[in-house]
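Whatever order the structure lists them in is the order used to number ligands and atoms, beginning at 1. Every value quoted in this text rests on a predicted model; they were computed, and no experiment measured them.
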Amino acid sequence: MKIISSPQGAYLKVGKKRYLNLCSNNYLGLASDPKLQKAAILAIKKYGVGTASVRSLVGTNDLHVKLEKALAGFKKSEDCVVLTGGYIANMAAIQTFIGKDDVVVSDELNHASIIDAVKLSQVQTKFVYKHSNMADLKQILEGIKTAGKILVVTDGVFSMDGDVANLPEIVKIAKKYNALVMVDDAHGEGVLGKNGRGIVDHFGLHGQVDIEVGTLSKAFGVMGGFIAGSKELCDTVRSKSRQFLFTNALSIPDTAALIAAVKVLQASDARVKKLWENTRFLKNGLQKAGFDIGNSTTPITPVMVGDEELAVRFSEDLFKNGVMASPIKFPMVAKGKARLRLMPSAIHTKRDLEKGIKIIIRCAKGVLG
Ligand SMILES: *Cc1c(COP(=O)(O)O)cnc(C)c1O
């Protein structure tokens with residue numbers, strides 16, 4: 001683990017040295033934004049730090065209510081319930097609504113937290129469809145006979161490859177087979193849709209996705225997770241979910257900073273635009289230099305290496321040369337598909353990215369030949 005002794009920015013300090021940061025999920029630069037800092041400090045002065053209780057007892061501060069309202073407004077959903085992480089929100093969404101007699105149909109590249117959540121639900125009948133393969137999804141649904149519920153669950157943006165789920169088609173197919181749809185939009189929040197409203201807004205599918213899970217730990221710059229959907233859905237989470245009832249409420253500064261983050265996004269799409277501009281700039285530079293950057297259509301930028309050891313060595317060499325870029329290998333991706341995963345942010349300047357590309361080219365020559 002690298003120990004960071006600076007704010008999350010375009011550069012990170014490790015020891016005495018500064019490194020170009022190409023691996024945080026700080027898409028919009030909100031993690032160290034002065035507006036969020038100020039909101040957190042003011043809230044601490046007013047309310048203190050901790051909530052000292054679960055939400056359902058005395059842990060619900062008026063800030064939590066304000067944040068849930070703000071998020072529901074931003075997502076254009078009827079209601080929204082905030083939990084302490086995206087991982088926890090997936091657990092809550094699946095365990096609350098799916099029992100052992102129901103059926104889950106899941107994309108093969110779904111995030112670990114969805115896989116764990118399905119395990120926790122103890123559902124007996126589960127299917128995995130080939131990645132984003134709509135014919136396979138259809139065929140699986142065609143064969144299901146159940147008196148229980150059917151849940152089709154997918155990542156919105158796939159976190160290792162950066163491709164986007166075919167949500168309009170998934171919704172259409174699910175409707176035909178009377179299945180519920182859940183999307184985990186962790187890497188789409190703050191990135192896709194108008195002002196970063198996420199994948200549902202990107203495809204104009206408001207009201208057609210039953211369960212929308214999001215994280216507040218990536219583009220939103222703080223930590224936490226949420227479930228957006230109907231009022232009935234969210235109230236059920238508030239009254240039944242073990243992940244809501246048996247763990248402490250999100251802290252005061254986190255909650256206040258998140259309200260400020262939603263305000264920043266509501267007010268302007270400048271950061272989202274800058275993120276996409278930087279994404280194009282980084283991808284163009286790498287492609288021109290001949291790198292295989294996979295099939296990403298989002299800021300997530302894989303640089304394919306293949307061999308596990310080479311990917312690690314590539315990353316280490318970059319670090320020696322002042323660039324932080326995470327190596328991604330088995331079990332995060334299949335064997336033989338090791339890569340670097342670069343994450344541009346709205347806070348990078350063109351010069352930062354130019355410098356990064358140059359060093360990446362130089363290190364690749366040394367390590368990969
Ligand atoms: C990051 C991520 C999560 C976990 O979110 P946290 O808020 O960090 O717990 C869940 N799902 C996906 C797809 C993610 O990328």
Taking the six-membered ring of Y19 as reference, does the cationic atom of K13 (NZ for Lys, CZ for Arg) lie under 6.0 Å from its centre and within 45° of its axis?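 Not flagged: K13 not positioned over aromatic ring of Y19.
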Considering only heavy atoms of [X], which atoms of ligand 1 have at least one such atom less than 4.0 Å away?
X: S217; value: 6 (P), 7 (O), 8 (O)
X: A186; value: 2 (C), 11 (N), 12 (C), 13 (C), 14 (C), 15 (O)
X: G224; value: 7 (O)
X: K218; value: 1 (C), 2 (C), 3 (C), 14 (C), 15 (O)
X: D184; value: 10 (C), 11 (N), 12 (C), 13 (C)
X: T215; value: 5 (O), 6 (P), 7 (O)

Could an N or O of ligand 1 be found under 3.5 Å from any N or O of D155, whether backbone or side chain?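 No; the residue has no nitrogen or oxygen that sits under 3.5 Å from a nitrogen or oxygen of the ligand.
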Heteroatom proximity flag, L216 to ligand 1, N/O under 3.5 Å: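 No; the residue has no nitrogen or oxygen that sits under 3.5 Å from a nitrogen or oxygen of the ligand.
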Report yes or no: do [X] and [Y] form a side-chain donor-acceptor pair below 3.5 Å?
X: S113; Y: D116; answer: no
X: Y129; Y: E108; answer: no
X: D201; Y: H206; answer: yes
X: S217; Y: T215; answer: yes

Within 6.0 Å of NZ in K138, more than 12 heavy atoms from elsewhere: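 Open.
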Do other residues, nucleotides or ligands put more than 12 heavy atoms under 6.0 Å from E309 CD?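 At most 12 heavy atoms, drawn from other residues, nucleotides or ligands, come within 6.0 Å of this atom.
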Measuring from non-hydrogen atoms of [X] to any atom of ligand 1, is the shortest distance under 4.0 Å?
X: M223; value: no
X: S113; value: yes
X: A112; value: no

Would you say the side-chain atoms of N110 pair up with the backbone N or O of D155, donor to acceptor, closer than 3.5 Å?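 Side chain of N110 to backbone of D155: a pair is present.
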Nearest protein heavy atom with distance in Å, relative to atom 5 (O) of ligand 1: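 Looking at atom 5 (O) of ligand 1, the protein heavy atom closest to it is G86 CA, 3.5 Å.
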Got the closest protein heavy atom to atom 4 (C) of ligand 1, with its distance?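 Nearest protein contact, heavy atoms only, for atom 4 (C) of ligand 1 is Y87 N, 3.6 Å.
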One thing to verify: whether R339 and D307 come together as a salt bridge, which I'm taking to mean a side-chain N less than 4.0 angstrom from a carboxylate O.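 Salt bridge absent between D307 and R339.
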For atom 3 (C) of ligand 1, which of H187, M160, M91, H111 has the closest heavy atom?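 It is H111 whose heavy atom sits nearest to atom 3 (C) of ligand 1.
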